[in-house]
Amino acid sequence: MLFSEIWAIISNMKDKEPIIKKYAFRFSAVMLAVLIAGLVLCAACFALTTWQFTGFLTGDVSSFYEWVKYALLYFVSVFLAVLITAMLVRSQYVLTEKELILQFGFLKTRYDVKKIFSVCLLNGSKKLCLYFDDFKTKYATVVVKEEWYDDFIKTLTSLNERIEFDFSTYEDEQQGKKNKKK
């Protein structure tokens with residue numbers, strides 16, 4: 001079994017709500033490059049710290065400050081590497097019977113499916129936008145592969161039949177931006 005499958009079983013045991021469908025988060029090329037650069041920097045930090053630590057071990061090892069410094073450098077580089085890896089591996093939208101869950105690494109945001117009243121396909125930006133009844137969260141943007149839009153909308157509307165579907169053209173979006181500026 002893969003780590004992600006084991007993690008899914010464990011997290012599903014905690015949620016106790018059956019998962020209907022999962023959709024992987026689609027990172028932009030720039031965001032993917034930033035995350036990979038972050039991993040490379042974490043590895044470089046770890047290697048540089050190890051190189052300096054071996055030099056420290058050959059000299060005077062009685063400095064408490066130096067021990068704390070190396071411990072913190074190792075901790076930060078490993079922590080950030082784990083955080084970035086979790087974001088790359090476990091960024092997804094999970095649909096259950098009652099909730100839409102956005103998992104972004106270790107972070108989870110839950111949206112009640114019954115509070116969604118509209119799904120809009122923004123053709124200009126090629127994203128889906130969910131609009132809510134709740135005043136705290138007015139809308140959320142769903143970023144998945146374009147091939148999955150139909151399946152995502154069908155699955156979502158099967159969980160809540162009152163969800164309306166709409167789409168906007170690029171011209172509609174530009175007109176909306178002009179109206180906001182006025």
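The structure displayed is predicted, hence computed values, not measured ones.
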Discussion item. Could you check whether atom CZ of Phe79 has more than 12 heavy atoms from other residues, nucleotides or ligands sitting under 6.0 Å from it?
Written reply: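 At most 12 heavy atoms, drawn from other residues, nucleotides or ligands, come within 6.0 Å of this atom.
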Discussion item. Checking the side chain of Arg162 only, and the main-chain atoms of Thr157 only, is there a donor and an acceptor separated by less than 3.5 Å?
Written reply: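 Not a single qualifying donor-acceptor pair exists.
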Discussion item. For the backbone of Ile116 and the side chain of Asp133, can you confirm whether one donor and one acceptor N or O come within less than 3.5 Å of each other?
Written reply: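 Flag not set: sc Asp133 to bb Ile116 has no pair under 3.5 Å.
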What pair of heavy atoms forms the shortest contact from [X] to [Y], and how long is it?
| X | Y | value |
| --- | --- | --- |
| Val144 | Tyr93 | CG1-CD1, 3.5 Å |
| Tyr149 | Arg26 | OH-NH2, 4.1 Å |
| Leu122 | Cys129 | CD1-CB, 4.2 Å |
| Val113 | Asn160 | O-ND2, 2.9 Å |

Please identify each residue that fulfils side-chain contact (heavy atoms from CB on, under 4.5 Å) with [X], with sequence neighbours left out.
| X | value |
| --- | --- |
| Ala24 | Trp148 |
| Glu97 | Glu17, Pro18, Ile20 |
| Gln92 | Lys22, Arg90, Val94, Gln103 |

Using the rule that Ile, Leu, Val, Met, Phe, Trp and Tyr join whenever any side-chain heavy atoms are under 4.5 Å apart, tell me whether [X] and [Y] fall into a single cluster.
| X | Y | answer |
| --- | --- | --- |
| Val82 | Val34 | no |
| Leu159 | Phe165 | yes |
| Leu72 | Val78 | no |
| Phe104 | Val143 | yes |
| Leu57 | Phe64 | no |

Just jot down the side-chain hydrogen bond (donor to acceptor under 3.5 Å, both in side chains) partners of [X], sequence neighbours excluded, or say none.
| X | result |
| --- | --- |
| Thr155 | Tyr23 |
| Thr54 | none |
| Lys154 | none |
| Lys69 | Glu66 |

Worksheet item: Which distance, rounded to the nearest 0.5 Å, do you find between the OH of Tyr139 and the OH of Tyr131?
Response: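 Rounded to the nearest 0.5 Å, the OH-OH separation comes out at 7.5 Å.
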I'd like to check [X] versus [Y] (side-chain heavy atoms, cut-off strictly below 4.5 Å). Are they in contact?
| X | Y | result |
| --- | --- | --- |
| Leu35 | Met87 | yes |
| Trp67 | Val61 | yes |
| Thr109 | Ile101 | no |
| Thr141 | Leu130 | no |

Worksheet entry | side chain to side chain contact (heavy atoms under 4.5 Å, CB included) between Ile84 and Ile36, intermediate numbers included | CA-CA 8 Å; Ile84 292 170; Ile36 291 172; over 6 Å; no
Worksheet entry | Full working for side chain to side chain contact (heavy atoms under 4.5 Å, CB included) between Leu95 and Ile19 | CA-CA 6 Å; Leu95 278 168; Ile19 294 173; over 6 Å; no
I'd like a table of donor-acceptor pairs (distance under 3.5 Å, sequence neighbours excluded) in which one partner is a side-chain atom from residues 44-51, with atom names and distances.
| unit_1 | atom_1 | unit_2 | atom_2 | d |
| --- | --- | --- | --- | --- |
| Thr49 | OG1 | Cys45 | O | 2.7 |
| Thr50 | OG1 | Phe46 | O | 2.8 |
| Thr50 | OG1 | Tyr74 | OH | 2.9 |

Fill in: ILVMFWY clustering at 4.5 Å (side-chain atoms), partners of Leu41
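Noted: Leu41 shares its cluster with no other residue.
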Worksheet item: What residues, two or more places apart in sequence or in another chain, satisfy ring-ring contact (aromatic ring centres under 6.0 Å, His included) together with Tyr70?
Response: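 Once residues adjacent in sequence are excluded, the partners of Tyr70 under the ring-ring contact (aromatic ring centres under 6.0 Å, His included) criterion are Phe53, Phe56.
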Worksheet item: Do Phe152 and Leu100 pass the side chain to side chain contact (heavy atoms under 4.5 Å, CB included) test, and can you show the C-alpha distance, the side-chain angles, and the key distance before you say yes or no?
Response: CA-CA 11 Å; Phe152 183 86; Leu100 169 64; 4.2 Å; yes
Fill in: All salt bridge (Lys or Arg N to Asp or Glu O under 4.0 Å) counterparts of Asp166, not counting sequence neighbours
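Checked Asp166 against salt bridge (Lys or Arg N to Asp or Glu O under 4.0 Å); zero matches.
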Item to complete: For Lys98, enumerate each residue passing the salt bridge (Lys or Arg N to Asp or Glu O under 4.0 Å) test, keeping only those at least two apart in sequence or located in another chain.
Response: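 Lys98 satisfies salt bridge (Lys or Arg N to Asp or Glu O under 4.0 Å) with no other residue.
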Discussion item. Pair Phe117, Phe132 - check ring pair (Phe, Tyr, Trp, His ring centres under 6.0 Å), show working.
Written reply: CA-CA 6 Å; Phe117 73 86; Phe132 296 92; 8.4 Å; no
